[in-house]
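Working notes, beginning with the structure itself.
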Protein chains: 2
Amino acid sequence: MTFVPASRSTVATDLDSQTLRVIRAIADRGSITAAAASLGYSQPAISQSIKRLEDKLGMPVLTRVARGVELTEAGEVLARHAATVLRAIDSAADELADLAGLRSGLVRIAAFPSASSTVVPRLLGDITGRHPGVRFSYLEAEPPEAVQAVRDHAADIALTFSYPGDPDDPHRASASGLVTLPLWREQMLLVVPDAPGLGDGAIELASLADSGWIAGCPRCRGHLVELCEASGFTPALGYETDNVQAVLAMVAAGLGVALMPSLALATTPLPAGVTTRPPTAADYRTVHLVTAQGSAAVPAIGATIAAIQSLDAAAWGLETQSR
Amino acid sequence: MTFVPASRSTVATDLDSQTLRVIRAIADRGSITAAAASLGYSQPAISQSIKRLEDKLGMPVLTRVARGVELTEAGEVLARHAATVLRAIDSAADELADLAGLRSGLVRIAAFPSASSTVVPRLLGDITGRHPGVRFSYLEAEPPEAVQAVRDHAADIALTFSYPGDPDDPHRASASGLVTLPLWREQMLLVVPDAPGLGDGAIELASLADSGWIAGCPRCRGHLVELCEASGFTPALGYETDNVQAVLAMVAAGLGVALMPSLALATTPLPAGVTTRPPTAADYRTVHLVTAQGSAAVPAIGATIAAIQSLDAAAWGLETQSR
DNA sequence: CCCTGACATAAGAGATGGTTATGCTTACGT
DNA sequence: ACGTAAGCATAACCATCTCTTATGTCAGGG
C-alpha cells in the first residue's frame with residue numbers, strides 16, 4: 001500500500017452554519033465532549049458531525065490527541081471564518097428581533113383626507129409613544145387610490161370609507177389578496193344655516209329639497225344624489241369642492257346646504273350662523289382598513305392595525321363596528 | 001376576530017446558511033421559481049423552505065406579488081446579512097481548496113542528523129518546486145525524540161532508523177495511534193585505514209577484533225556491540241562521538257575503526273588514507289517514516305509522504321524497501 | 001375569455017442528524 | 001504496574017427534515 005495525497009476535485013460546496021458552530025465550540029473548549037455539552041448535544045452527535053465534515057472536505061479537521069482534540073490547519077481555517085459567519089448571523093437575528101420586538105420597522109399608511117387630521121395623527125402618536133423605533137410614512141389619498149397603493153405594495157395599510165351599497169366598496173374588491181376590516185360607522189350630518197325656527201332635533205331631508213347643495217368628492221356626491229332621490233327629490237348641485245372650510249364658508253354665506261361626514265367636521269370650528277343636524281333617517285358611511293393578505297403578520301404592521309382597532313374614536317363621532 | 005400583533009419570545013436561534021442562500025437567490029432573481037432553478041431545486045422546495053423560515057421567525061419574509069415575489073423588511077435584513085455570511089463561507093471554502101490543492105499548508109518534519117543533509121533537502125526542494133505554497137518546518141532529532149515529537153503533535157512526519165532487533169524499533173511503539181512506514185534499507189559500512197594489503201572486497205568483522213572502535217550515537221553503539229559479539233568478540237570502544245567528521249578524522253589518525261551508516265558517509269569526502277568496506281556479513285539498518293494515524297489525509301502531509309516514498313535514494317546507498 | 005406563469009399545498013420517499021449503548025485507547029493515581 | 005477514569009469512535013435505531021412529483025389556485029395578458 002502506498003500513501004496517495006488526498007485530492008478532491010470539488011471542495012465544500014456547502015458549509016452550513018451548524019457545522020461552523022460545532023467547529024467553533026470545539027475550538028473554544030478543546031474537546032468534543034465539552035463542545036457537545038455546551039451545545040446541548042450528545043457526544044456522538046458532534047463526533048459524527050465532524051466525521052461528515054471531514055468526509056465532505058476530504059481532509060481531517062481535527063487530530064485526536066491525548067486529552068481531547070486539536071484542530072488541524074483546515075480546522076483552524078474553519079474556526080477563523082466561523083467567527084465571521086456566526087457574527088453576521090447573530091446580527092441578522094438581532095435585527096429580526098428588533099423587527100419582532102417593534103424596536104424597528106416601517107409602516108406605510110394611506111388614508112382619506114379627513115382622517116389625516118383626526119385618527120391618523122392620534123394613531124401615529126400612540127404607536128411612536130409606545131414603540132419609538134417604529135417609523136411611518138403617510139400618503140393622503142381617496143379610497144380608490146389608497147386601495148390601489150396597497151395593491152401595488154406602495155402602502156401597507158389603507159384607511160378607506162364606503163357608502164352603503166357603494167359599488168366601489170372595498171369589501172367587494174377583496175379579490176387580489178386584500179383583506180378589508182370594517183372599523184367604524186361614521187355619521188353623516190347635514191350642514192345648514194342656523195335659522196331661528198330650526199329647533200334642535202333631526203332634520204327631514206325632504207325639507208331641504210328646495211335648497212342649493214354643495215357637494216364634496218365624486219363618491220360623496222354620488223351618495224348624496226342617491227340619498228335625496230330616495231327621499232323623493234333630486235338635489236340641485238351648485239358647487240363642488242373637497243375643501244371642508246370652503247363648504248362651511250359657502251353654507252355660512254347662504255349659498256346652500258351640505259351633507260358631510262362627522263370626521264370632516266371634527267377639526268374645524270363651525271362658522272357663526274352654521275349648524276349641523278343629523279337627517280331624520282340616520283345616515284352613515286363606514287370606515288374600513290384595507291391591507292394585503294398576510295401583512296398583519298409583520299409585527300409593526302400588525303401592531304399598527306391593532307392600535308387602529310383599539311383607538312377610541314368616539315370623540316370624532318365614530319361608532320365602533322359591531323362586526 | 002381581531003388582529004393581534006405577532007410577538008414571538010425567541011427569534012431565530014438558528015439561521016442556517018442554506019436558508020440564507022435561498023433568500024439571496026430570491027432577492028437576486030425576484031421569483032421563487034427562478035431562485036429554485038438557479039439553485040438546482042424544484043420550485044416547491046424553495047417555497048416550503050421559505051414557509052419554514054417564516055414560521056420560525058413568526059413574520060413574513062416575502063410578499064406574494066403579481067409577477068413573482070418581493071422581500072419584506074425582514075427579508076431585506078436577511079438578504080443583506082446573507083451576503084456577509086456567504087462571502088465568509090466562500091472565502092473559507094477557498095482557503096480549504098488551497099489546502100486541498102497544495103497551494104498552502106505547513107508540514108513539520110523531524111529527522112535524524114544524517115538525513116538533514118541528504119534526503120531532507122532533496123525532499124523539500126522537490127515539493128516546494130512543485131507546490132510553492134507548501135511550507136515546511138524542520139527539526140533535527142534522533143529517532144526517539146523525533147517519534148516523541150510526532151506523538152506530541154510537534155511534528156507531522158518523523159524520519160527514523162532502527163537496527164534489526166532494535167528494542168526501540170518504532171514498529172513496536174506504534175501503539176499510540178502512530179503509523180510507521182519502512183522506507184529504505186541503509187547499508188552499514190566499516191570505516192578503516194586504507195592499509196596496503198586490504199584488498200577491495202568486504203572485510204571480515206572478526207578481523208577487526210583487536211582494533212580500537214569509535215562509536216556513534218548510543219543506539220549505534222549498542223548495535224555495534226551486538227554485532228561484534230555475534231562475531232565472537234567485544235569491541236574496544238575508545239571514543240564516542242556523533243560527529244561524522246570527527247569519526248573520520250580519528251580513523252585517519254589511526255585511533256581506530258568505525259561502523260557507519262552509508263547516509264552519514266554520503267556528504268562528507270573521505271580523508272586521505274581512509275576507506276569504507278562492507279562487512280562480510282552484510283549489515284543494514286532501516287529508515288522509517290513515522291506519522292500520526294490519519295495525518296496522511298492532510299493534503300500537504302500526504303503529498304510529502306508520497307514524495308518521500310518516491311525519492312530516488314539510491315545515490316546515497318539506500319535501497320527501497322521491498323515491504 | 002381562455003391561457004399562461006407563478007406560488008401553494010399534499011403526499012410520499014429518502015437523506016439527515018440525533019439518541020442510547022458500547023467498545024477502545026490513553027493518561028493518571030496509587 | 002495496574003486499575004480507573006476520561007474521551008473519542010462505532011453501531012443500531014429512530015425521528016424529523018427536506019426534497020420530489022403531482023395538483024390546485026390565482027392573477028395577468030393576448
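Note that the coordinates shown come from a computational prediction; the quantities given were computed from them, not determined experimentally.
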Degree of bending in the helix from C/dC1-D/dG30 to C/dT30-D/dA1 once both end axes are built from five pairs, to 10°: 30°
B/Asp16 CG to D/dC17 P, in whole Å, measures 12 Å
Could you give the OH-to-P distance, from A/Tyr41 to C/dT20, as a whole number of Å? 14 Å
Would you give a per-nucleotide map of nucleotides 1-13 of chain D, 5' to 3', where B means the base has a protein non-hydrogen atom under 4.0 Å away, S means only the sugar-phosphate does, and - means neither? -----SSBBB---
Rounded to whole Å, how long is the line connecting atom NZ of A/Lys56 with atom C1' of C/dG17? 12 Å
In whole angstrom, what separates B/Asp55's CG from C/dT9's P? 10 Å
What residues form a side-chain contact (heavy atoms from CB on, under 4.5 Å) with A/Arg135, not counting sequence neighbours? A/Leu106
For residues 140-147 of chain A, which side-chain N or O atoms pair as donor and acceptor with protein atoms under 3.5 Å away, sequence neighbours left out?
from, atom 1, to, atom 2, distance (Å)
A/Glu140, OE1, A/Ser116, OG, 2.6

Going by the rule side-chain contact (heavy atoms from CB on, under 4.5 Å), which residues pair with B/Ala37 if we only count those two or more places apart in sequence or in a different chain? none
Given atom CD of B/Gln293 and atom P of C/dT26, what is their separation to the nearest angstrom? 10 Å
Under the rule for salt bridge (charged side-chain N to carboxylate O under 4.0 Å, His left out), what residues qualify as partners of A/Arg29, not counting sequence neighbours? none
Any idea how A/His223 and A/Tyr163 line up, ring-wise: parallel (<30°), tilted (30 to 60°), or perpendicular (>60°)? parallel
Side chains of B/Ser91 and B/Asp94: is there a donor and an acceptor less than 3.5 Å apart? no
In whole angstrom, what separates B/Leu39's CG from D/dT18's C1'? 14 Å
Nearest-Å distance, CG (A/Leu178) to C1' (D/dC26)? 13 Å
Holding to side-chain contact (heavy atoms from CB on, under 4.5 Å), I want the full list of residues that pass it with A/Ala111, two or more places apart in sequence or in another chain. A/Ala115, A/Val120, A/Tyr138, A/Leu159
Quick one: list whatever passes ring-ring contact (aromatic ring centres under 6.0 Å, His included) with A/His81, sequence neighbours left out. none
For B/Asp98, enumerate each residue passing the side-chain contact (heavy atoms from CB on, under 4.5 Å) test, keeping only those at least two apart in sequence or located in another chain. B/Arg103, B/Ser104
Short side-chain N/O contact to C/dG18 OP1/OP2 from A/Arg52, under 4.0 Å: yes
To the nearest angstrom, how far is B/Ile46 atom CD1 from D/dT20 atom C1'? 12 Å
